[in-house]
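Following: one structure in structure tokens, then a few remarks.
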Amino acid sequence: MKWNIDALREKQHEIARKVTLTNHLPEWNLLRTVGGADVSFNRFSKIGFAAIVVLSLPDLQVIETSSVEQRLELPYIPGYLAFREWPFIHQCLKNLSIRPQALICDGHGIAHPRRAGLASHVGVEEDIITIGCAKSVFVGEYMEPDSQRGSISNLILKEEKIGEVVRTKNNVKPLFISPGHKIDFHTATQLILSLCRRYRLPEPIREAHALVNRIRIEHICRVE
DNA sequence: GCGACAG
DNA sequence: ATCTTGTCGC
């Protein structure tokens with residue numbers, strides 16, 4: 001199973017060139033749907049699972065879901081996560097009857113060595129507004145934001161801003177938010193904050209995570 | 001060369 | 001990411 005990392009890196013430079021930080025998100029009063037995507041798999045299995053859950057705004061009710069189960073083609077290689085997970089998200093999007101106005105991805109957007117993290121990769125390939133929502137830092141430096149919900153600090157890589165570190169809940173570890181595609185830093189962070197109700201993670205991601213794990217667990221029982 | 005390293 | 005129970009703190 002030999003993959004040409006050089007080719008993958010070149011593909012990322014291509015993705016990065018197409019990324020735009022110009023905001024394409026509709027006005028808040030016209031925002032109706034936001035999706036969350038998540039991928040999951042069993043320890044030594046070649047099978048992976050993914051789900052996208054679309055929520056309505058501003059009430060955050062689930063209006064549609066889609067999930068897939070397929071072979072994992074790549075191992076996890078830091079910096080190349082998108083090549084492993086994008087195929088799953090692509091299938092989920094194809095199975096949806098509606099296309100969410102924005103999609104939140106579990107990982108970084110432009111906060112990546114080559115500005116081509118999972119969210120940016122998905123955004124460019126699917127031509128959809130995406131936001132990278134990561135639970136830990138990958139590259140860049142930052143100052144710890146204040147402990148109150150809503151506090152924000154910048155994520156910097158070599159003098160350049162690549163994302164924001166956002167406290168989405170009091171006294172809880174912050175989230176690392178970066179634009180994926182067709183959105184700016186401020187809008188991305190504000191949307192994420194508006195989607196975080198009682199928990200650290202935004203509702204679309206929580207719903208997608210819950211669904212994909214449900215499916216993964218029942219697959220184990222089904223196979224044994 | 002060494003250590004770090006989204007999920 | 002996954003393997004896993006209780007436990008400390010707001």
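Naming convention: chains lettered A, B, ... in sequence-line order (proteins, then strands); numbering from 1 in each chain. Heavy-atom basis, side chains included; hydrogens, waters and symmetry copies ignored.
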Exercise for the section: Assign Val137(A) to base, sugar-phosphate, or nothing according to its heavy-atom contacts below 4.0 angstrom with the strands shown. Expected result: sugar-phosphate

Practice task
Would you mind classifying the nucleic acid contact of Tyr80(A) as base, sugar-phosphate or nothing, using non-hydrogen atoms under 4.0 angstrom?
Solution key: base

Exercise for the section: Determine whether the side chains of Glu126(A) and His90(A) contain a donor N or O and an acceptor N or O closer than 3.5 Å. Expected result: yes

Exercise for the section: Ignoring backbone atoms, test whether Lys135(A) places a side-chain nitrogen or oxygen under 4.0 Å from the OP1 or OP2 oxygen of dA6(B). Expected result: no

Handout entry: Polar contact flag, side-chain donor to acceptor under 3.5 angstrom, Trp28(A)-Gln190(A)
Key = no

Handout entry: Of the listed nucleotides dA1(C), dA6(B), dT2(C), the one nearest the side chain of Asn213(A)
Key = dT2(C)

Problem - Comparing Asn171(A) and Arg216(A) on DNA chain C - which has the more 5′ nearest nucleotide - result: Arg216(A)

Problem - Nearest-Å distance for atom pair CZ/P, residues Arg114(A) and dC5(B) - result: 16 Å

Practice task
Going by the side chain to side chain donor-acceptor pair (under 3.5 Å) test, name the single residue among Thr20(A), Thr187(A), Asp127(A) that passes it with Lys182(A).
Solution key: Asp127(A)

Exercise for the section: Name the nucleic acid region contacted by Gly79(A), choosing base, sugar-phosphate or nothing; use a 4.0 angstrom heavy-atom cut-off, strictly under. Expected result: base

Handout entry: Under-4.0 Å side-chain N/O to phosphate OP1/OP2 contact, Arg84(A) with dA6(B)
Key = no

Exercise for the section: State, without any angle test, whether Ser153(A) and Glu164(A) hold a side-chain donor-acceptor pair at a distance under 3.5 Å. Expected result: no

Handout entry: Whole angstrom value for the distance that separates P of dG7(B) from NE2 of His209(A)
Key = 10 Å

Practice task
Could you tell me whether the side chain of Arg149(A) and the main chain of Thr168(A) form a donor-acceptor pair under 3.5 Å?
Solution key: yes

Fill in the blank from the handout: Atom CD1 of Ile77(A) and atom C1' of dC5(B) are separated, to the nearest Å, by 12 Å

Exercise for the section: Kindly state which residues belonging to residues 37-45 of chain A come within less than 4.0 angstrom of DNA chain C, counting heavy atoms of the residue only, listed by number. Expected result: Ser40(A), Phe41(A), Arg43(A)

Handout entry: Lys135(A) to Phe176(A), cation-pi by 6.0 Å centre distance and 45° axis angle
Key = no

Exercise for the section: Classify the angle between the aromatic ring planes of His121(A) and Phe83(A) as parallel (below 30°), tilted (30 to 60°) or perpendicular (above 60°). Expected result: perpendicular

Completion exercise
In whole angstroms, the gap separating P of dA6(B) from NZ of Lys173(A) amounts to 12 Å

